[in-house]
Amino acid sequence: MSPKPTGHVSGNDLILTRTFHAPIADVWTSVTKSESTALWFGRWEGEAGPGKTVRLQLLHEKSQPWTDVLIEECAAPHRLVVVMKDDAGEWRIALTFTQTAGTTELRLVQHLSDPKLAGDVGPGWEYYLDMLVAARAGKALPSFSDYYPAQKAHFLEGV
């Protein structure tokens with residue numbers, strides 16, 4: 001499998017989108033409910049809400065580590081902003097959901113301290129968003145080795 005990268009870098013922002021033939025509330029649930037996120041990203045526990053921190057277990061990472069996730073903003077079902085902190089640093093991720101005529105677009109934006117980080121981070125988000133697509137469709141999950149390092153050069157173009 002050779003998935004095509006879709007994301008791009010604008011300034012210091014890494015931007016990726018996916019479109020779903022589903023209502024916005026359904027896509028929101030896939031990204032916010034622990035039972036749903038466990039299928040493609042990781043399960044979380046704790047009391048969720050703006051200003052609160054939950055614990056997320058990254059189920060598809062080596063050793064399935066836990067990380068803290070601060071929920072900065074939550075305006076269901078349109079916007080979710082979270083900050084994850086781990087050994088690699090701080091990751092601020094903004095998700096925006098827009099429904100138009102039977103489809104919902106999910107837009108992920110991660111502000112990077114250095115746009116060159118997109119070469120390593122971009123393929124990971126492509127992988128996870130494709131995992132979301134596959135999980136929602138009940139299809140086999142993709143393999144990370146199809147994304148990295150193959151997509152690294154795409155995310156470094158023009159940086």
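Starting from 1, each residue takes its place in the sequence as its number.
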Report the distance from atom [atom1] of [X] to atom [atom2] of [Y], rounding to the nearest 0.5 Å.
X: Ile93; Y: Leu108; atom1: CD1; atom2: CG; result: 6.5 Å
X: Met131; Y: His60; atom1: CE; atom2: NE2; result: 3.5 Å
X: Glu72; Y: Cys74; atom1: CD; atom2: SG; result: 12.0 Å

query = Under the 3.5 angstrom rule, does the side chain of Asn12 hit a backbone N or O of Leu112 as a donor-acceptor pair?
reply = yes
request  = Kindly say whether Ile24 contributes a backbone atom to a donor-acceptor pair with the side chain of Gln99 at under 3.5 angstrom?
outcome  = yes
Using atom types as modelled, flag every donor-acceptor pair under 3.5 Å from a side chain in residues 75-85 to any protein atom, sequence neighbours excluded.
unit_1: Arg79; atom_1: NE; unit_2: Glu73; atom_2: OE1; d: 3.4
unit_1: Arg79; atom_1: NE; unit_2: Glu73; atom_2: OE2; d: 3.0
unit_1: Arg79; atom_1: NH1; unit_2: Thr96; atom_2: OG1; d: 3.4

message = Quick test of your reading: applying salt bridge (Lys or Arg N to Asp or Glu O under 4.0 Å), list the pairs with at least one residue in residues 3-20, sequence neighbours left out, ordered by first then second residue.
response = Arg18-Glu126, Arg18-Asp130
message = Checking Ser63 now: which residues fulfil side-chain contact (heavy atoms from CB on, under 4.5 Å) with it, not counting sequence neighbours?
response = Pro65
key: Residue pair Ser36 / Val31, side-chain heavy-atom distance below 4.5 Å   = no
inquiry  = Counting C-beta onward and ignoring hydrogens, is there a side-chain heavy-atom pair between Leu59 and Trp40 closer than 4.5 Å?
reply    = no
request  = Give the other cluster members for Val109, using side-chain heavy-atom distances under 4.5 Å between Ile, Leu, Val, Met, Phe, Trp and Tyr residues; answer none if it is isolated.
outcome  = Ile15
Tell me, please, which residues at least two apart from [X] pass salt bridge (Lys or Arg N to Asp or Glu O under 4.0 Å).
X: Arg55; value: Asp68
X: Asp26; value: Arg136
X: Glu47; value: Lys52

request  = Kindly give the heavy-atom pair with the smallest separation between Ala118 and Val9, and that separation in Å.
outcome  = CB-CG2, 3.4 Å
Closest non-hydrogen atom pair between Pro142 and Ala134, with its separation = CD-CB, 4.2 Å
With a cut-off of 3.5 Å and sequence neighbours excluded, list every side-chain donor-acceptor pair involving residues 150-159.
unit_1: Gln151; atom_1: NE2; unit_2: Pro3; atom_2: O; d: 3.1
unit_1: Lys152; atom_1: NZ; unit_2: Asp120; atom_2: OD1; d: 3.3
unit_1: His154; atom_1: NE2; unit_2: Gly7; atom_2: O; d: 2.7

inquiry  = Between Gln110 and Val121, is the side-chain contact (heavy atoms from CB on, under 4.5 Å) condition met? List the steps.
reply    = CA-CA 9 Å; Gln110 180 178 351; Val121 177; 3.3 Å; yes
inquiry  = Filter on ring pair (Phe, Tyr, Trp, His ring centres under 6.0 Å), then keep only pairs touching residues 7-34, sequence neighbours left out; what's left?
reply    = Trp28-Phe97
request  = Not counting sequence neighbours, list each pair that qualifies as a ring pair (Phe, Tyr, Trp, His ring centres under 6.0 Å) and has a residue in residues 121-141.
outcome  = Phe41-Trp125, Phe41-Tyr128, Tyr127-Phe144, Tyr127-Tyr147
message = Once side chain to side chain donor-acceptor pair (under 3.5 Å) is applied, do any residues pair with Arg43, and if so which ones, sequence neighbours excluded?
response = Gln57
remark   = Those residues at least two apart in sequence (or on a different chain) that pass side chain to side chain donor-acceptor pair (under 3.5 Å) with Trp66 are none
task = Establish whether Leu106 and Leu39 are linked, either directly or via other cluster members, by ILVMFWY side-chain heavy-atom contacts under 4.5 Å.
result = no
